Structures are given as structure tokens and as C-alpha cells.
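This report concerns only the one structure given below.
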Amino acid sequence: MVINKNVEFGFWDKIKYIVSDPNLFFERVKLEQGIKNSILMYDIVGAFFSVISYIFSFGLMSMMSGGYGGLGGFGFLYSALPFVILGIGLIMTFVYSGLIHALVIAFKGEGTYSSSYNVYAYSMVPYLILSVVPMVGFLAIIYSIILMIIGISKVHNISKGKAALACLLPAVLVIGLLIGLAIMIFSRGFF
């Protein structure tokens, strides 16, 4: 099937092609101006599957604790949790794609921050969709990272090795900072 590169992908086409043909998908994403489309897709998919996840987990908690009241007065806070997590996730899209883009610049890649942001946001869509499935959701992050590597390589015209470093080093940095923070908190006797 021949795809006209001048015709913009629709919402469902994007989901289909990011899974079935990431090379074609990111070739098209390279042409997108700004981050409006990617942030909108991330928000819509993230909100929908956050609600689905909340419904499943709330149903399980209700069954285990004998109803809504079993949450010990934290029912309202628990009901806001998916949206708080989605908000933190949205903020992290900007931070993480900024770290990726800084490395792309260091590797002399082409393109703009918005290109890095688009790759990151679109690459996380499969993870957002599959995160509601136990164990599969955890493994879906690996697929999203693979998509990120493909996308960064395509969009910024760098090797897959450099793209892998650009995508994985920020994760190592974030994990290192979290471990350092945990060590600092526990060494000072806060807990």
C-alpha cells in the first residue's frame, strides 16, 4: 500500500502506524510542526486509560475493603490519583524529551526540541494503552523505548546507537537521582 506523504495521519491512523510501521510513522512525524498533535494524543490516550485503570483498581479495592468507605476517608484523594499521575506524566514528557534533545544536540543531530517531544509523546502511547494490563504494561515500556530509539534516529538523522544513548541516558540519570534522593532521606533518619 502506498501512503501519500502529504496527507496527515488521523488519530486512529497514528495509533495503527506507530505499532505496525514505526519507520513510516516517524518519517511522517518528522514533518509535523509544533507539539499540539502529540500532546493532544498523549493527553487523550493517557486520560482514557487512566480512567480505565482507576475503574479496575477501585473495583478491586472496593471488593477487598468492603466498599468505598474502606478507603479510610481517602476516597476522594484516591479518585483524583489517576489525574495527578497523568499530570505528573505530562510534566515528565517535557523534562524527559528535553534531556533527550540535549543529548541529540551533543550527538550533532538535526531537528528541533518539538521533534524530540513528538517522538517521546507518540512513543509512550503504546505504553499508556497497555499499562492497564498487568505485567504486559510493564513490558510495554520496553517497546516504547524501542519506538523512541527508532523515532529519534529517524527524526534527528543520527545512528540508532546514538539514539539509544539519547533515550536511555536520561532514564539512568533519573533513576540515579531517585536512588541518591532515597539514600539521602534514609541516611538522615527521616524514616
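Computed from a predicted structure; not experimentally measured.
Looking only at distances, a side-chain donor or acceptor of Tyr143 sits under 3.5 Å from a matching main-chain atom of Val19. At least one donor-acceptor pair under 3.5 Å links the side chain of Thr93 to the backbone N or O of Leu90. Distance alone, capped at 3.5 Å, is enough to place a donor-acceptor pair between the Asn118 side chain and the Ser114 backbone. Looking at Lys154, its side chain never comes within 3.5 Å of a backbone N or O of Lys30 through a donor-acceptor pair. Side-chain atoms of Tyr96 come within 3.5 Å of backbone N or O of Ala171 as a donor-acceptor pair.
Here CD1 of Ile91 is found 10.0 Å from CG of Leu86. Values are rounded to the nearest 0.5 Å. Summarising the geometry, atom CE belonging to Met124 is positioned 8.5 Å from atom OG belonging to Ser131; distances are rounded to the nearest 0.5 Å. Between the CD1 atom of Ile18 and the CD1 atom of Ile150 there is a distance of 9.5 Å, given to the nearest 0.5 Å. Within the model, atoms CZ of Phe26 and CG of Leu31 stand 13.5 Å from one another, a figure rounded to the nearest 0.5 Å. For the atom pair Phe11 CZ and Leu40 CG, the distance stands at 7.5 Å (nearest 0.5 Å). One distance of note links OH of Tyr122 with CE of Met41; it measures 6.0 Å at 0.5 Å rounding.
Across every non-hydrogen atom of Tyr120 and Ser97, the tightest pair is CB-CB, 4.0 Å. Considering every non-hydrogen atom in both Tyr42 and Ala121, the closest pair reads CD1-O, 3.9 Å. Looking at every heavy atom in both residues, Ser153 comes nearest to Ser159 through OG-C, 3.9 Å. When all heavy atoms of Pro126 and Leu147 are compared, the pair lying nearest together is CG-CD1, 3.6 Å. Shown here for Ala163 and Ile152, the closest heavy-atom pair between the two residues is CB-CG2, 3.8 Å.
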Next item on the list: Please step through side chain to side chain donor-acceptor pair (under 3.5 Å) for the pair His156 and Ser116, ending with a clear verdict.
Entry: CA-CA 8 Å; His156 293 296; Ser116 296; 2.7 Å; yes
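When the options Asp43, Ile44, Val45 are evaluated for a side chain to side chain contact (heavy atoms under 4.5 Å, CB included) with Leu128, the one that passes is Val45.
Annotation for Ile175: hydrophobic cluster partners, listed by chain and number, are Ile179, Ile183 (ILVMFWY side-chain heavy atoms under 4.5 Å, direct or chained).
If you chain together hydrophobic residues whose side chains sit under 4.5 Å apart, Ile141 and Val125 fall into the same group. Residues Leu165 and Tyr113 do not share a hydrophobic cluster, defined by chaining ILVMFWY side chains whose heavy atoms lie under 4.5 Å apart. Under a hydrophobic clustering in which Ile, Leu, Val, Met, Phe, Trp and Tyr are joined whenever their side-chain heavy atoms come within less than 4.5 Å, directly or via other members, Trp12 and Phe48 fall into the same cluster. Linking Ile, Leu, Val, Met, Phe, Trp and Tyr residues whenever their side-chain heavy atoms come within less than 4.5 Å leaves Leu169 and Val155 in two separate clusters. Side-chain heavy atoms closer than 4.5 Å link hydrophobic residues (I, L, V, M, F, W, Y) into clusters, and following such links, possibly through other members, connects Leu177 to Leu99.
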Exercise answer: donor-acceptor pairs, residues 102-109 side-chain atoms, under 3.5 Å, sequence neighbours excluded:
none

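Under the 6.0 Å cut-off for aromatic ring centres, Phe94 and Tyr117 qualify, their centroids lying closer than that.
Looking at Ile100 and Met148, their side chains come closer than 4.5 Å, going by heavy atoms from C-beta outward.
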